[in-house]
Amino acid sequence: MAIKHISSAANARAIPFIVFIVFMALENALSGATPPAIAQQLDLRWLYALRVSLVVATLAYFWRHYIELKLPAQAPLSQWMAAIAVGVGVFILWINLDQPWARMGESQGINPLQPDGSLNIGIAVFRLAGLALVVPVMEELFWRSFILRWVDHKNFMQLPPEKVSAKAFWLTAILFASEHNLLLAGLLAGCAYNLLYMRTRSLWLPVCAHATTNGLLGAWMLYTQNWQFW
């Protein structure tokens with residue numbers, strides 16, 4: 001029974017992330033293989049809405065397994081403020097480390113503008129909601145709750161966050177960075193979120209920090225139209 005429980009816990013944290021990555025790869029493949037005229041007519045940018053919806057559905061299906069995210073989220077106000085500060089700091093690093101020497105390849109991102117230059121509100125809302133609300137929950141469940149502890153202990157639910165080894169800390173931070181084209185920014189973000197989880201023992205705090213970073217990044221993109229971050 002214990003093995004089955006742990007396996008269910010791992011699947012619950014891995015499957016939403018896998019769905020996200022698989023559909024991201026599918027979107028990229030379709031965008032690259034579809035003639036521009038057809039792609040524009042179909043507006044493949046809406047595939048992101050499908051991806052986010054599927055991730056939300058898998059998170060909802062597995063929600064009973066996320067015991068770290070049971071409500072109400074109990075943490076001192078000082079820890080919530082620290083999480084927000086970490087999120088703001090990571091955001092500042094992120095937009096300033098978009099440099100050739102600190103990234104891997106180029107990212108075109110998604111331009112939510114219409115041909116006439118107006119904003120496609122639906123696409124922008126889905127991108128912002130996915131970035132600020134869905135991705136932080138999905139990624140923190142996968143990277144912090146699961147991978148960070150699983151590296152040290154296959155029955156990862158039995159390992160308190162503060163007991164994570166240096167090997168697990170750095171491996172998780174590096175793998176988290178490899179998920180992003182801004183490698184250095186991703187590495188620093190991974191370290192910050194790792195530390196926040198280990199120090200507070202609450203998954204809600206790195207979720208809060210991650211959501212703060214992504215929410216600010218989304219607002220900044222809409223203001224500056226630096227779509228490469230999307």
Side-chain angles (χ1 to χ4, degrees), residues 1-2 4-20 49 51-92 94 125-153 155-164 168-169 172-173 176 179 189-220:
M1 292 297 293
K4 182 178 179 181
H5 172 72
I6 295 300
S7 177
S8 298
N11 288 336
R13 288 155 180 77
I15 289 175
F17 181 81
I18 292 170
V19 169
F20 188 85
R51 189 196 335 170
V52 168
S53 298
L54 289 171
V55 170
V56 169
T58 57
L59 288 171
Y61 178 79
F62 289 115
W63 194 259
R64 67 186 184 278
H65 293 282
Y66 306 144
I67 60 174
E68 313 98 305
L69 296 181
K70 284 186 176 179
L71 294 171
Q74 296 179 348
L77 178 60
S78 60
Q79 291 187 350
W80 287 107
M81 297 303 294
I84 292 171
V86 167
V88 172
V90 172
F91 161 71
I92 293 171
W94 204 273
V125 167
F126 264 104
R127 297 295 300 194
L128 190 58
L131 185 68
L133 301 177
V134 180
V135 169
V137 174
M138 173 201 70
E139 288 198 333
E140 293 309 310
L141 281 166
F142 179 74
W143 291 115
R144 251 56 67 181
S145 176
F146 176 34
I147 298 298
L148 181 64
R149 296 186 291 170
W150 180 82
V151 171
D152 285 334
H153 201 309
N155 292 344
F156 66 96
M157 294 294 289
Q158 299 178 9
L159 183 66
E162 70 272 18
K163 300 295 185 181
V164 166
F169 178 96
T172 301
F176 180 79
E179 184 194 352
C191 290
Y193 300 152
N194 283 354
L195 281 173
L196 198 56
Y197 182 45
M198 293 167 65
R199 295 288 177 86
T200 66
R201 302 185 60 181
S202 170
L203 192 65
W204 276 115
L205 276 300
V207 167
C208 174
H210 202 152
T212 299
T213 298
N214 287 9
L216 289 173
L217 187 60
W220 184 79

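These values consider heavy atoms only, across backbone and side chains, with no hydrogens, waters or symmetry-generated copies.
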Return the minimal non-hydrogen interatomic distance between [X] and [Y], and the atom names on each side.
| X | Y | result |
| --- | --- | --- |
| V86 | A192 | CG1-CB, 3.9 Å |
| A211 | A132 | CB-O, 3.3 Å |
| V52 | G130 | CG2-CA, 3.9 Å |
| G218 | L128 | CA-CD1, 3.6 Å |
| L131 | P136 | O-CD, 3.2 Å |

Practice problem: Could you pull out all residues at least two apart from R144 that satisfy salt bridge (charged side-chain N to carboxylate O under 4.0 Å, His left out)? | Solution: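 Partners of R144 by the salt bridge (charged side-chain N to carboxylate O under 4.0 Å, His left out) criterion, ordered by chain and then number, come out as E140.
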Quiz item: Residues two or more places apart in sequence or in another chain: which of them pass salt bridge (charged side-chain N to carboxylate O under 4.0 Å, His left out) with R199?
Solution: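 Testing R199 for salt bridge (charged side-chain N to carboxylate O under 4.0 Å, His left out), a comparison that skips the adjacent residues, returns none.
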Between side-chain atoms of residues 69-78 and protein atoms elsewhere (two or more places apart, or another chain), which donor-acceptor pairs fall under 3.5 Å?
none

Exercise. State which residues pass side-chain contact (heavy atoms from CB on, under 4.5 Å) with L216; sequence neighbours excluded, sorted by chain then number.
Key: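 Per chain and number, L216 pairs via side-chain contact (heavy atoms from CB on, under 4.5 Å) with V88, F91, T212.
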Quiz item: Distance under 6.0 Å and angle within 45° of the ring axis: does R51 meet both against F20?
Solution: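 Yes, R51 lies over the aromatic ring of F20.
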Exercise. Over 60° means perpendicular and under 30° means parallel, so classify the ring planes of H210 and F176, tilted if in between.
Key: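 Perpendicular, since the angle between the ring planes exceeds 60°.
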Practice problem: List the steps, then state whether side-chain contact (heavy atoms from CB on, under 4.5 Å) holds for S202 with Y197. | Solution: CA-CA 6 Å; S202 170; Y197 182 45; 6.0 Å; no
For [X] and [Y], indicate whether the former's side chain and the latter's backbone hold a donor-acceptor pair under 3.5 Å.
| X | Y | answer |
| --- | --- | --- |
| D152 | V164 | no |
| R13 | A9 | yes |
| Y66 | A12 | yes |

Exercise. State whether E68 and R149 are salt-bridged, where the test is any N-O pair (Lys NZ or Arg NE/NH1/NH2 against Asp/Glu carboxylate O) under 4.0 Å.
Key: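 Yes, charged N to carboxylate O under 4.0 Å.
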Quiz item: Can you name the residues that form a ring-ring contact (aromatic ring centres under 6.0 Å, His included) with F17, not counting sequence neighbours?
Solution: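 Per chain and number, F17 pairs via ring-ring contact (aromatic ring centres under 6.0 Å, His included) with F142, W143.
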Exercise. Kindly compute the distance separating CE (M81) from SG (C208), expressed to the nearest 0.5 Å.
Key: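 Here the interatomic distance stands at 9.5 Å.
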Quiz item: Is it true that atom CH2 of W94 has more than 12 heavy atoms of other residues, nucleotides or ligands lying nearer than 6.0 Å?
Solution: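 Buried by this count: over 12 neighbours within 6.0 Å.
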Quiz prompt | M198 side chain near L148 side chain, heavy-atom distance below 4.5 Å | solution =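 Yes. Closest side-chain heavy atoms under 4.5 Å.
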Quiz prompt | L141 side chain near P16 side chain, heavy-atom distance below 4.5 Å | solution =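 Result no, sub-4.5 Å side-chain heavy-atom pair not found.
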Quiz item: Going by distance alone, is a donor N or O of one side chain under 3.5 Å from an acceptor N or O of the other, for T213 and Y193?
Solution: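 Per modelled atom types, T213 and Y193 side chains form a pair under 3.5 Å.
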Quiz prompt | Step-by-step side-chain contact (heavy atoms from CB on, under 4.5 Å) determination, V207 to E139 | solution = CA-CA 8 Å; V207 167; E139 288 198 333; over 6 Å; no
If you look only at distance, which donor and acceptor atoms sit under 3.5 Å apart when one is on a side chain in residues 53-63 and the other is two or more places apart or in another chain?
unit_1	atom_1	unit_2	atom_2	d
S53	OG	A49	O	2.8
T58	OG1	L54	O	3.4
T58	OG1	V55	O	2.8

